[in-house]
Student: 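Here it is, the structure in full.
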Protein chains: 2
Amino acid sequence: MRAWPDGSVAGMSSPARSGTRSARGRRGVRPSGDDREGAILATAERLLGERSISEISTDDLARGAGISRPTFYFYFPSKDAVLLALLDRVVAEADAALDRVPDDMASDPPRYWRRCIAAFHETFSAHRPVALACAAARVTNAEVRELWARVMSSWTLLVAEAIECERRRGAAPPGLAARDLAVVLNSMNERVLHATFAQDGPAVAEADVVDVLLTVWLNAIYQTTTPPGDADSPQATPDSS
Amino acid sequence: MRAWPDGSVAGMSSPARSGTRSARGRRGVRPSGDDREGAILATAERLLGERSISEISTDDLARGAGISRPTFYFYFPSKDAVLLALLDRVVAEADAALDRVPDDMASDPPRYWRRCIAAFHETFSAHRPVALACAAARVTNAEVRELWARVMSSWTLLVAEAIECERRRGAAPPGLAARDLAVVLNSMNERVLHATFAQDGPAVAEADVVDVLLTVWLNAIYQTTTPPGDADSPQATPDSS
DNA sequence: CACGGTATCGACAGCCTGTCGAGTCAGTCA
DNA sequence: TGACTGACTCGACAGGCTGTCGATACCGTG
């Protein structure tokens with residue numbers, strides 16, 4: 001007879017796993033496979049709040065989920081795969097938060113960009129341990145690295161298109177290739193948010209970080225922190241309050 | 001009888017190591033301790049060009065230096081300590097390169113900032129494998145993390161002071177706290193250079209990276225890419241060519 | 001009730017790290 | 001010259017971690 005230390009988490013099986021387990025609905029005396037998988041993910045997220053990924057063994061994850069180490073490998077091929085599944089969920093959440101930002105860039109650019117930056121800040125702030133662990137795993141694990149690279153590329157593309165849009169509108173001056181600008185601004189956010197969350201090296205106070213980043217974004221894109229919105233005529237100098 | 005695969009590197013014993021070996025000058029039939037230490041460092045730098053630090057074992061380092069694994073521990077307490085010694089050398093080189101930048105910020109600000117950014121780019125570019133390995137080791141090793149944090153803090157302080165100087169001169173407008181601005185700009189450079197060197201995710205082409213970074217720096221600090229130099233009067237609009 | 005897929009674990013092999021104690025060697029000093 | 005010292009070297013060991021294999025238990029279904 002065994003104990004089941006970790007309760008299941010509510011649903012949401014990882015979309016990354018090519019699930020062999022098809023239909024749910026089984027309810028036996030022992031927890032179902034989905035419960036186990038959820039328990040492993042929950043254990044991982046919990047333990048990541050206490051110590052770094054390299055200090056967590058597959059044994060820790062297995063015991064935390066109430067199973068033996070070999071059984072862990074029935075659900076995930078490795079420790080990194082757990083992290084990958086967690087990252088998937090966080091990335092999906094960030095994308096969803098970004099989707100919820102109203103698409104009204106032209107009417108008030110600073111407000112728009114601020115909401116975008118804040119969306120990332122809030123999402124990753126809510127999953128700080130996972131974000132930090134993934135940044136750590138990226139250096140050793142190719143899959144994590146590639147997933148993150150893909151995600152950053154897609155966000156970079158979005159930003160580059162927005163910048164070009166602002167240039168066509170006459171709100172932003174021509175300058176660097178929009179993609180290059182998008183790359184460095186996204187990179188800046190990534191590193192600065194990481195440093196702020198990890199308290200690693202020189203960092204900006206958490207309360208200020210979104211505004212500091214926003215200011216640099218606006219200056220880099222518009223050469224001013226008060227770019228013209230809809231009401232202003234194109235090419236206008238930004239001195240209307 | 002043994003072979004000594006790796007020749008010694010020219011002098012420069014790591015300043016980080018609290019050397020118990022005091023006087024040199026011994027020349028026996030077998031290589032001296034300094035030769036060994038140099039051979040280990042040289043082997044590490046060479047192997048880092050081929051694979052990542054996590055794929056290099058202490059055995060690899062020992063064999064590369066022509067010694068057994070236990071003997072490795074006579075010279076360094078761990079694999080990470082070797083990396084720390086390599087990082088020490090690169091940081092010293094970067095500081096030296098920064099010192100060689102002429103202190104003429106006021107006469108031509110873009111040229112000054114460009115030289116600073118290029119100094120880092122060139123130094124880390126010349127030691128790409130070490131730079132990447134240290135970035136990787138930082139996430140697991142507290143000593144590497146602290147050394148890097150200290151280094152970044154000192155560079156941030158330098159930048160913050162330069163920004164305040166430009167503001168007093170009237171060349172740069174007031175705005176964000178100079179330290180916050182310095183932190184995010186330095187963070188941007190760190191992440192962007194890393195991505196460029198590692199070809200990791202969306203990156204800027206190596207040939208363009210210094211100019212792209214410079215442009216963002218100038219816009220963030222001056223709100224223009226053509227800030228006034230000595231000749232221009234303070235507060236002047238920058239339309240003189 | 002037999003069967004097959006799901007789920008579980010003990011035991012093993014293999015890799016890596018770091019340590020211990022024994023041993024070698026060159027120079028020193030009485 | 002012969003004992004001594006300190007620098008240097010390594011075989012062998014202990015312990016931790018990962019991933020796999022084969023045997024086994026459970027459960028719904030035909």
Side-chain angles (χ1 to χ4, degrees), chain A residues 1-6 8 13 17-40 44 47 51-83 137 140-141, chain B residues 1-6 8 13 17-40 44 47 51-83 137 140-141:
Chain A
M1 199 51 69
R2 304 183 51 81
W4 320 114
D6 239 321
S8 69
S13 172
R17 237 174 76 80
S18 60
T20 52
R21 215 167 30 269
S22 53
R24 64 187 64 202
R26 291 169 281 102
R27 289 297 147 194
V29 318
R30 63 180 174 187
S32 79
D34 285 342
D35 288 339
R36 299 292 204 197
E37 191 173 315
I40 291 172
L47 290 182
R51 45 194 204 266
S52 87
I53 181 69
S54 62
E55 293 163 336
I56 298 172
S57 66
T58 52
D59 200 42
D60 294 330
L61 295 179
R63 286 184 189 288
I67 55 180
S68 71
R69 206 169 55 75
T71 302
F72 166 89
Y73 286 100
F74 179 81
Y75 291 101
F76 292 95
S78 70
K79 187 171 69 176
D80 286 344
V82 177
L83 214 48
T140 53
N141 183 282
Chain B
M1 197 53 70
R2 305 182 51 82
W4 321 112
D6 241 321
S8 69
S13 172
R17 238 175 76 79
S18 61
T20 51
R21 216 167 26 270
S22 52
R24 62 189 65 204
R26 293 168 280 102
R27 289 299 146 189
V29 318
R30 64 181 173 185
S32 78
D34 286 342
D35 288 339
R36 300 291 205 195
E37 190 173 316
I40 291 172
L47 290 182
R51 43 199 146 100
S52 85
I53 181 70
S54 63
E55 293 164 337
I56 298 172
S57 66
T58 53
D59 200 42
D60 294 330
L61 295 179
R63 287 186 188 286
I67 55 179
S68 71
R69 208 170 55 75
T71 302
F72 166 88
Y73 287 100
F74 178 81
Y75 292 100
F76 292 94
S78 69
K79 187 170 68 175
D80 286 345
V82 178
L83 214 48
T140 52
N141 183 282

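Convention: sequence-line order gives letters A, B, ...; per-chain numbering from 1. In this text, all values refer to a predicted model and were calculated from it rather than measured experimentally.
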Student: Roughly how far, to the nearest 0.5 Å, is CD1 of A:I67 from OH of A:Y75?
Tutor: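 So the OH of A:Y75 and the CD1 of A:I67 are separated by 6.5 Å.
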Student: Could you grab the distance from atom CD1 of A:I53 to atom OG1 of B:T140, nearest 0.5 Å is fine?
Tutor: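 One gets 12.5 Å once the value is rounded to the nearest 0.5 Å.
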Student: Could you tell me the separation between the CD1 atom of A:I67 and the P atom of D:dT24, rounded to a whole number of Å?
Tutor: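 Going from CD1 in A:I67 over to P in D:dT24 covers 22 Å.
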Student: Test your reading of the model: is there a side-chain donor-acceptor pair from A:K79 to the backbone of A:L61, 3.5 Å cut-off?
Tutor: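 Flag not set: sc A:K79 to bb A:L61 has no pair under 3.5 Å.
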Student: Give me the atom names and distance for the closest heavy-atom approach of A:E37 to A:F76.
Tutor: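 That closest heavy-atom pairing would be CG-CZ, 3.7 Å.
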Student: Which heavy atom in A:G66 sits nearest to a heavy atom in A:R36, and how many Å separate them?
Tutor: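 Where A:G66 meets A:R36 most closely, the heavy atoms are O-NH1, 3.9 Å.
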Student: What is the separation between atom CD on A:E55 and atom P on D:dG16, rounded to the nearest whole Å?
Tutor: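 The distance from CD of A:E55 to P of D:dG16 comes to 16 Å, rounded to the nearest Å.
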Student: Can you find a side chain N or O atom of B:T71 that sits less than 4.0 Å from OP1 or OP2 on D:dT9?
Tutor: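 No, no such contact exists.
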Student: Base, backbone or nothing for each nucleotide of nucleotides 15-21 of chain C, written B, S, -, heavy atoms under 4.0 angstrom, 5' to 3'?
Tutor: --BBB--
Student: For B:L61 and D:dC10, what is the distance between atoms CG and C1' respectively, to the nearest whole Å?
Tutor: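 Those two atoms, CG and C1', are 17 Å apart.
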Student: Roughly, in whole Å, what's the span from CZ in A:F74 to C1' in D:dA23?
Tutor: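 Answer to the nearest Å: 16 Å.
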Student: In sequence, state the C-alpha distance, the side-chain angles, and the governing distance for B:T58 and B:V82, and then conclude on side-chain contact (heavy atoms from CB on, under 4.5 Å).
Tutor: CA-CA 10 Å; B:T58 53; B:V82 178; over 6 Å; no
Student: Specify the angle, to 10°, made by the local axes at the two ends of the helix from C:dC1-D:dG30 to C:dA30-D:dT1 when five pairs are taken at each end.
Tutor: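 Computed angle between terminal axes is 30°.
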Student: What are the two closest non-hydrogen atoms of A:S78 and A:Y73, and how far apart are they?
Tutor: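 Closest pair (atom of A:S78, atom of A:Y73, distance): CA-CE2, 4.4 Å.
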Student: According to salt bridge (Lys or Arg N to Asp or Glu O under 4.0 Å), does anything in residues 52-61 of chain A pair up with another residue at least two apart or in another chain? List the pairs.
Tutor: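 Those involving residues 52-61 of chain A are A:R51-A:D60, A:D59-A:R63.
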Student: Just the rounded figure in Å: distance from P of D:dC26 to CG of A:D35.
Tutor: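 To the nearest whole Å, that distance equals 19 Å.
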